[in-house]
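Following: one structure in structure tokens, then a few remarks.
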There are 2 protein chains.
Amino acid sequence: MWIYGLMCELLGMNANVPTDIRFSFAALAKRGGETGPHKDGWGISFYENKGCRSFHDPKPSAQSELAALVKNYPIKSRMVIAHVRKANRGRVALENTHPFTRELWGRAWTFAHNGQLKGVKDLPLSFFRPIGTTDSEHAFCFVMDYLVKTFPDCPPPKVLDREISDLFAQLRGLGVFNALLTDGRSLYASCSKKLCYIKRQAPFGTATLIDEDVRVDFAAETTPDDKVIVIATQPLTHDEAWTVVTPDSTLILRGGEVI
Amino acid sequence: MWIYGLMCELLGMNANVPTDIRFSFAALAKRGGETGPHKDGWGISFYENKGCRSFHDPKPSAQSELAALVKNYPIKSRMVIAHVRKANRGRVALENTHPFTRELWGRAWTFAHNGQLKGVKDLPLSFFRPIGTTDSEHAFCFVMDYLVKTFPDCPPPKVLDREISDLFAQLRGLGVFNALLTDGRSLYASCSKKLCYIKRQAPFGTATLIDEDVRVDFAAETTPDDKVIVIATQPLTHDEAWTVVTPDSTLILRGGEVI
């Protein structure tokens with residue numbers, strides 16, 4: 001039985017130290033065609049300092065050899081975005097598989113989205129253009145295009161925070177825009193109506209996944225200074241207190257903290 | 001004993017039908033720290049229609065779990081670029097690991113390079129900027145930047161062929177520029193002094209890798225209409241007649257043919 005909704009599911013992680021995402025990704029990957037209906041591809045992007053690597057597969061994550069590799073490969077990262085897809089706009093194909101990445105101001109920007117945006121393809125684009133046919137990638141290009149036209153170089157964090165919040169509010173006006181955007185330093189999370197997060201810090205406890213019979217003792221894997229925030233469409237564990245993000249708002253994470 | 005030179009090694013494939021690259025990649029991966037000294041990371045990019053996926057690892061390919069996965073994962077593609085790295089400029093890091101990718105005109109462009117380019121970082125960039133610190137990525141951004149400033153939209157193939165050939169000639173003037181660039185349709189190969197290719201078509205024969213005791217009977221894996229060109233820094237098989245690319249020239253491949 002699928003206990004989740006019919007949308008895509010998002011997962012983001014931001015930490016102040018390189019952190020292993022495998023525990024959370026295991027749950028998300030299960031929802032890609034096993035405990036959830038998100039069988040139309042999946043992707044995950046990890047930052048390692050300025051470098052960013054992504055794994056994409058148009059196959060269901062629950063049956064993907066690549067997903068199996070990612071689940072077993074101890075990549076440690078301060079910033080991760082992942083997505084499992086239930087196609088509504090744009091055929092099932094590699095080029096329509098989130099997260100999408102573009103370079104802006106000498107940094108890799110990565111984006112994943114769930115929801116539908118009415119008329120988003122009428123928004124004109126000049127520089128950044130979609131490779132695939134999803135609404136989501138068009139929305140991403142719209143944000144990147146606006147930023148590069150407004151700021152030839154990267155503005156200070158607070159200016160950028162405000163600008164991206166405004167752009168996200170504009171996109172939420174077109175429909176459902178639950179989305180994660182990052183340049184590897186800040187994680188911008190747009191919540192139309194469904195997004196929640198958990199902040200893990202000392203004293204660390206244990207947690208048990210909802211989708212799989214897996215339990216982790218974070219105290220054994222962390223130091224007292226570690227701060228990790230995991231953000232997801234729906235809670236991934238059933239014994240932690242997840243905070244629901246205020247509908248129609250943007251949440252900004254940096255260094256494992258809510259800004 | 002390392003029987004190869006101290007440069008990075010390049011591998012490209014262009015075919016008229018989706019083709020399995022594993023045979024050739026197995027040889028290249030061995031040169032990443034085992035039969036060759038290219039231990040400072042490796043990467044491979046596959047096109048599947050307009051979609052492009054890349055695997056990057058700053059670890060030596062000969063010891064990389066990811067490389068082991070790619071060697072066993074039957075991705076079929078018409079266009080592939082791969083690279084094993086011997087760092088000379090830019091530290092060993094994910095962001096310095098080839099191939100590099102950028103979106104231009106709604107297509108993913110991918111680039112890998114071996115050689116050193118004197119003063120390439122003095123070439124001004126406006127729109128496309130390097131994420132890492134290699135000469136190679138700067139040269140790639142220079143090409144992309146010139147193209148977007150010269151052509152707001154993708155020009156006809158012949159115009160683009162000429163323009164990229166001119167840009168490559170300019171870069172060869174700065175040093176050693178053996179490089180592969182593709183938008184998934186055309187493969188542009190710059191040869192300063194070391195590049196060769198093999199064209200495989202009916203009647204297909206067999207071939208044996210130099211770096212590993214592996215032999216393939218292409219006749220069993222192809223149809224009579226298949227055309228596949230593999231291009232590499234040095235021959236990958238010892239029982240086929242590889243063609244040496246003319247030094248100081250650009251070779252263009254499309255649909256499994258030399259243009």
Side-chain angles (χ1 to χ4, degrees), chain A residues 41 43 45-59 64-70 72-75 77 90-97 100-109 125-134 137-138 140-141 144-145 148-149 152-154 183-184, chain B residues 41 43 45-59 64-70 72-75 77 90-97 100-109 125-134 137-138 140-141 144-145 148-149 152-154 183-184:
Chain A
S45 300
F46 300 88
Y47 283 77
E48 291 165 54
N49 298 314
K50 290 187 79 182
C52 174
R53 64 173 132 190
S54 299
F55 299 93
H56 290 108
D57 208 335
K59 286 199 263 184
S64 161
E65 285 175 57
L66 255 187
L69 177 102
V70 173
N72 292 311
Y73 201 64
I75 298 176
S77 176
R91 68 189 186 91
V92 177
L94 183 58
E95 67 268 26
N96 290 336
T97 306
F100 305 106
T101 299
R102 293 290 187 280
E103 174 267 315
L104 170 63
W105 304 318
R107 294 195 75 96
W109 288 74
L125 300 176
S126 50
F127 199 88
F128 291 94
R129 299 189 200 167
I131 295 171
T133 55
T134 61
E137 193 185 9
H138 196 105
F140 176 38
C141 291
M144 293 289 98
D145 229 37
V148 79
K149 280 188 271 189
D153 291 295
C154 186
D183 65 346
Chain B
S45 301
F46 301 88
Y47 284 78
E48 291 166 53
N49 299 313
K50 289 186 79 183
C52 174
R53 66 172 130 190
S54 299
F55 298 93
H56 290 109
D57 207 336
K59 287 199 264 185
S64 163
E65 286 176 53
L66 255 185
L69 178 103
V70 172
N72 292 310
Y73 201 63
I75 297 175
S77 175
R91 67 189 185 93
V92 178
L94 182 59
E95 67 269 24
N96 290 337
T97 307
F100 305 105
T101 299
R102 293 290 186 280
E103 175 266 315
L104 171 63
W105 304 318
R107 295 196 74 96
W109 288 74
L125 300 176
S126 50
F127 199 87
F128 291 93
R129 299 189 201 167
I131 295 171
T133 55
T134 61
E137 192 185 9
H138 196 106
F140 176 39
C141 290
M144 293 288 99
D145 229 38
V148 79
K149 281 189 270 188
D153 291 294
C154 186
D183 65 347

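Order of the sequence lines fixes the chain letters, A, B, ..., with proteins taken first and strands second; residue numbering starts at 1 for each chain.
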Below 4.5 Å from any heavy atom of chain A, which atoms of B:Ala93 appear? Answer side chain, backbone, both or neither.
neither

Side chain, backbone, both or neither of B:Phe55 within contact of chain A (heavy atoms, under 4.5 Å):
side chain

How many angstroms lie between atom CD1 of A:Ile131 and atom CG of B:Asp183, to the nearest 0.5 angstrom?
10.5 Å

Which heavy atom of A:Glu48 sits nearest a heavy atom of B:Glu95, and at what distance?
O-OE1, 3.9 Å

Max heavy-atom pairs within cutoff under 4.5 Å with chain A, candidates B:Asp57, B:Asn49, B:Thr97, goes to B:Asp57

Residue part contacting chain A, namely of B:Cys52, when any heavy atom lies under 4.5 Å:
backbone

Selection from A:Leu125, A:Leu94, A:Leu104 maximising heavy-atom pairs under 4.5 Å formed with chain B:
A:Leu94

Pairwise side-chain contact, B:Thr133 with A:Lys50, heavy-atom cut-off 4.5 Å (strictly under):
no

Name of the residue among B:Phe127, B:Phe100, B:Phe128 meeting side-chain contact (heavy atoms from CB on, under 4.5 Å) with A:Glu103:
B:Phe128

Under 4.5 Å from any heavy atom of chain A, what part of B:Arg53 do you find: side chain, backbone, both or neither?
both

